[in-house]
Amino acid sequence: MKKKQAAALVTAAVMALSLTACGGSGGAKKEASGDKEGALSGEITIWSWDVALAHLEEWAEKFQEENPDVSFNFEEMGVDQVYQKMTTCLQSGIGLPDIVSIEGEQMAKFGEKFPGKFEEFTDMINPDDFFPIKLSECTVDGKVIAYPWDSGPCGMFYRSDLFEQAGIKAEDIVTWDDFIEAGKVLKDKTGADMLCMAESRNDTTYRLLMMEGGGFYFDKDGNTQVNSEASIQAMETCKKMYDAGITFNNSSWDDMVAGMGADKFACIADAVWMVGSIKDAVPDQDGKWAVMPLPKFQADSESQGASNGGSVLAVPSASKSAEAAKAFVKYVMEDVDANVEGFQNYGLYPSYLKALESDVFKEGDEFFGGQKIFDLFTEIGKTVPQVNYTANFAEALEMSKNSMAKVMLNNGDPTEVLNAEQEEMKAKFGK
């Protein structure tokens, strides 16, 4: 993550800090009306990471112009430290912040493990104003317990110059089979691999394909479903690409960056925040990149997107300034200018649809050949289906990475491997 035009909330780029004693809102006042009827007051402590915290600080000053009796404390920490401290403090009920940033994929874990410990936003939020996937991240047991923030709709980033050199046209790639055949041509003509895909470091490609096919680790009731038709189809497609010899192993972030700079591969399937990462990694490739939607499994099927990353804001119920904290969260998450500036200054791609109607998201990006890439990501984001992350997402992710390795590196049969993973998950999670 960088401060200017950077990748938004890239978990891998956030340095985890060591656990320290729980902080908290200290002398936070109970809510009280000031001289002005209905005025907000209180002391609000916010826990968040680098660029996200910087953005909240800027807008806290604007909030105070209308609410001078509200004061703020800002505590910067890494993602892992936030989670360690939140877990410890939720268990004890002591030292919690008034507002905290949490990755959207992790919110269900805190909501399920600590029921009743977060303020509700159900009556404050209009679900139609946000990407559906972000609402699912914020919803536990039918209650909205966090506010959607930045999002991670996914597309296929590709080197337009390498495609041109190989005689490949992006518009001709409709299905994953088309993608694989184009990859063979690219390899033959340029020597470059088609797709940067981890063999065991992560399961991102498989997970995006599974979501695109309407599947996920868990169903709406939290039952494990990694051996579903959508899951098997996704893993089989990953294996087809690997077996075709058109994938570059994403063994580490640094290796991926090095491979990008050395023209080792042409495509990356990932979220909108990759825009900033590509620009930072290979500035000399200005004008050589473009974006297209992820290929589909069948040409005549309805397009359905996938998501990776992004965050939400939550207010612990222990807050002594809950009314002011909730008001600030709604203010900064639903102010169009706040969303636009968060994107322009820190790369935080909004999930708030009214903000995404702003002209800044409809402009062409010269690094990507003048293509209106953000308008494309907005349309993709609207198609990403809701999924149920559950409290078990992090553990399921680790098990899924192991399955990727068994299929790719040990030539495992996708169906057999995923059936075994299904049984392992059911034994571990109870359903």
Side-chain angles (χ1 to χ4, degrees), residues 1 8-17 19 22-25 44-56 74-91 95-122 124-125 130-131 133-141 143-152 271 273 307-319 322 325-326 328-330 332-333 342 346 348-352 386-397:
M1 273 183 292
L9 304 182
V10 187
T11 304
V14 181
M15 183 177 293
L17 303 178
L19 176 62
C22 291
S25 22
I44 298 174
T45 292
I46 300 178
W47 291 357
S48 190
W49 40 79
D50 48 31
V51 296
L53 190 70
H55 177 59
L56 294 175
F74 300 94
E75 297 187 23
E76 180 178 349
M77 56 190 75
V79 175
D80 287 353
Q81 188 185 13
V82 168
Y83 297 162
Q84 290 167 346
K85 291 186 72 172
M86 280 297 295
T87 300
T88 301
C89 296
L90 282 166
Q91 289 171 339
L96 286 159
D98 302 285
I99 297 172
V100 60
S101 291
I102 294 176
E103 292 168 302
E105 297 161 346
Q106 301 294 332
M107 188 64 222
K109 176 180 70 176
F110 288 99
E112 290 183 19
K113 290 188 175 181
F114 300 99
K117 298 297 184 181
F118 292 94
E119 289 289 312
E120 271 195 65
F121 291 99
T122 309
M124 294 177 65
I125 192 169
F130 294 88
F131 286 145
I133 184 65
K134 294 302 295 187
L135 260 296
S136 66
E137 293 174 4
C138 297
T139 304
V140 175
D141 293 332
K143 300 175 181 178
V144 181
I145 60 169
Y147 231 89
W149 192 356
D150 61 303
S151 59
W273 44 256
S307 178
N308 184 32
S311 67
V312 302
L313 285 180
V315 174
S317 299
S319 169
K326 291 171 70 176
F328 173 68
V329 168
K330 183 176 179 66
V332 74
M333 294 295 98
Y346 303 108
L348 301 168
Y349 195 79
S351 57
Y352 186 49
Q386 295 196 13
V387 299
N388 185 7
Y389 285 98
T390 82
N392 301 315
F393 172 76
E395 291 178 276
L397 181 63

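Note that this is a predicted model, so its numbers are computed, not measured.
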Peer 1: Exactly one of Glu137, His55, Lys134 should register a side chain to side chain contact (heavy atoms under 4.5 Å, CB included) with Trp149. Which one does?
Peer 2: His55

Peer 1: Quick one: is the NZ or CZ of Lys109 closer than 6.0 Å to the six-membered ring centre of Tyr389, and within 45° of its axis?
Peer 2: no

Peer 1: Does Glu103 offer a backbone N or O that forms a donor-acceptor pair with the side chain of Ser311 under 3.5 Å?
Peer 2: no

Peer 1: Atom CD in Glu75, atom CD in Gln81: separation rounded to 0.5 Å?
Peer 2: 9.0 Å

Peer 1: Roughly how far, to the nearest 0.5 Å, is the CD1 atom of Ile125 from the OH atom of Tyr147?
Peer 2: 4.5 Å

Peer 1: If you draw a 6.0 Å radius around NZ in Lys330, do more than 12 non-hydrogen atoms from other residues or ligands fall strictly inside?
Peer 2: yes

Peer 1: Is the shortest side-chain heavy-atom distance between Leu135 and Pro148 below 4.5 Å?
Peer 2: yes

Peer 1: Give a yes or no on whether the backbone of Asn388 and the side-chain of Ser136 come within a donor-acceptor separation of less than 3.5 Å.
Peer 2: no

Peer 1: Between the side chain of Thr139 and the main-chain N/O of Val144, is any donor-acceptor distance below 3.5 Å?
Peer 2: no

Peer 1: Is there a side-chain contact between Tyr83 and Ile102 in this structure, where contact means two heavy atoms from C-beta onward sitting under 4.5 Å apart?
Peer 2: yes

Peer 1: Determine whether a donor-acceptor pair (N or O, by modelled atom type, separation under 3.5 Å) exists between the side chain of Lys326 and the backbone of Glu119.
Peer 2: no

Peer 1: Look at the side chain of Asp150 and the backbone N and O of Tyr349, then say whether any donor-acceptor pair between them is shorter than 3.5 Å.
Peer 2: no

Peer 1: Between Ser101 and Ser48, is there a side-chain donor-acceptor contact under 3.5 Å, judged purely by atom types and distance?
Peer 2: yes

